[in-house]
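Quick note on labels: first sequence line is chain A, next is B, and so on, each numbered from 1.
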Amino acid sequence: MDIRREELLKQLSALDFVVIELNLYLNTHPRDRNALMKYNTAVEQAKMLRMEYERHYGPLTAYYSTSGYPWQWICNPWPWHYSFNFRLAGEEC
Amino acid sequence: MWIYEKKLEYPVKIKNPNPKMAKVIITQYGGPDGELAASLRYLSQRFSMVTPEARATLNDIGTEELAHLEMIGTMVYQLVKGASIEDIKAAGLDPYYADHDRGVYPISAAGNPFTAAYIQSKGNPVVDLYENMAAEQKARATYEWLLDLADDPDVIDPLRFLREREVVHFQRFGEALRIVQDYLDSRRQFAISKPDEME
């Protein structure tokens with residue numbers, strides 16, 4: 001399970017990075033159709049991966065995400081914890 | 001507004017405490033060319049920026065800098081977390097310890113607390129974009145000096161990522177500057193009075 005979380009987080013971070021990079025590029029190249037297509041694809045892929053991650057490991061935001069009971073948002077680990085990439089979200093709750 | 005996401009932009013996982021490294025890396029948290037200064041600079045300048053391209057560039061790079069601030073804070077936190085008092089003393093981090101224990105506080109490598117005097121928001125789009133290009137180069141140089149001082153792969157990896165982002169941001173600001181100069185139809189003209197289009 002831990003390995004799976006780490007792997008999922010890695011994939012999501014990589015996709016989100018593609019989105020950030022294309023976002024900044026498109027700001028100064030708004031008519032680049034090819035980049036725009038890549039951006040839209042990456043956003044859709046990240047959306048699906050984000051849903052999968054949250055279903056298993058808890059909310060990534062306290063805004064767009066729903067929560068199981070009890071309120072999951074406060075659960076450790078936080079991103080600055082060394083264990084962030086290893087433990088289940090909610091384990092320390 | 002902003003929405004926080006409970007993950008880092010790029011992973012930080014430092015196994016071995018190293019207060020000596022924390023003492024210098026903290027400069028990218030609260031130092032003159034650090035991520036806090038960068039974020040505050042761009043997010044403040046965007047209000048008076050012209051052209052859709054340049055406005056969005058300031059908004060989004062300013063936002064990404066907040067993610068970098070979180071990465072640097074994480075590095076400092078992990079570098080001092082398990083450090084013994086002896087290690088902290090040996091690293092010369094005892095004055096910091098006296099004021100902050102192992103907390104993360106925005107100062108430069110030399111211990112100066114963060115100040116808005118590090119940044120400028122001039123109300124002139126050309127001036128501000130030149131400042132930002134310089135700021136990205138200064139931050140890139142700082143990351144290179146930090147890389148010179150680092151020997152732990154866990155520290156080097158995120159520092160290299162952050163250095164690379166400075167290069168990309170410099171590129172985007174350069175493009176934004178070109179777009180703004182075309183818009184103002186006064187290429188290479190530095191001392192311009194505020195045109196009506198800016199209102």
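- Within the 4.5 Å cutoff, the side chain of A:S13 has no heavy atoms near those of the B:E9 side chain.
- Grouping the Ile, Leu, Val, Met, Phe, Trp and Tyr side chains by contacts below 4.5 angstrom, directly or via other members, places A:L22 apart from B:L58.
- The closest side-chain heavy-atom distance from B:R178 to A:T28 is not below 4.5 Å.
- Looking only at side-chain heavy atoms (C-beta outward), A:N27 and B:E175 stay at 4.5 Å or farther from each other.
- A salt bridge does not link A:E54 to B:K6: none of the charged nitrogens lies less than 4.0 Å from a carboxylate oxygen.
- Atom OG1 of A:T61 sits about 7.0 Å away from atom CD1 of B:I3, to the nearest 0.5 Å.
- Ring to ring, B:Y77 and A:Y82 are not that close: their centroids are 6.0 angstrom or more apart.
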Yes or no on side chain to side chain contact (heavy atoms under 4.5 Å, CB included) for B:T57 and A:L24, after CA distance, side-chain angles and deciding distance? CA-CA 6 Å; B:T57 297; A:L24 294 186; 5.9 Å; no
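- Looking at heavy atoms from C-beta onward, B:R172 lies in side-chain contact with A:H29 at the 4.5 angstrom threshold.
- Distance CG/A:N23 to CG/B:D60: 4.5 Å, rounded to 0.5 Å.
- In this structure, chain A has no heavy atom under 4.5 Å from any part of B:K81.
- Cluster membership for B:L159 and B:V167, using ILVMFWY side-chain heavy atoms within less than 4.5 angstrom, is not shared.
- Proximity of A:I20 to B:R165: side-chain heavy atoms (C-beta onward) are separated by under 4.5 Å at one or more points.
- With a 4.5 angstrom heavy-atom cutoff, B:E70 touches chain A only via side-chain atoms.
- B:I156 and B:M71 fall within the same hydrophobic cluster, defined by Ile, Leu, Val, Met, Phe, Trp and Tyr side-chain heavy atoms under 4.5 Å apart, directly or through other members.
- With a 4.5 Å cut-off on non-hydrogen atoms, A:Y25 touches chain B through its backbone and its side chain both.
- With a 4.5 Å cut-off on non-hydrogen atoms, B:Q78 touches chain A through its side chain but not through its backbone.
- Looking at B:I179, the atoms closer than 4.5 Å to chain A (heavy atoms on both sides) all sit in the side chain, from C-beta outward.
- Here the side chains of B:F161 and A:F17 are in contact, with some heavy-atom distance below 4.5 Å.
- Linking ILVMFWY side-chain heavy atoms closer than 4.5 Å, directly or via other members, places A:Y64 and A:L12 in two distinct hydrophobic clusters.
- Looking at B:K13 and A:H81, their side chains never come closer than 4.5 Å, going by heavy atoms from C-beta outward.
- Within the 4.5 Å cutoff, side-chain heavy atoms of B:K7 are placed close to those of A:R50.
- By the criterion of side-chain heavy atoms lying less than 4.5 angstrom apart, applied directly or through intervening Ile, Leu, Val, Met, Phe, Trp or Tyr residues, B:M21 is grouped together with B:Y97 in one hydrophobic cluster.
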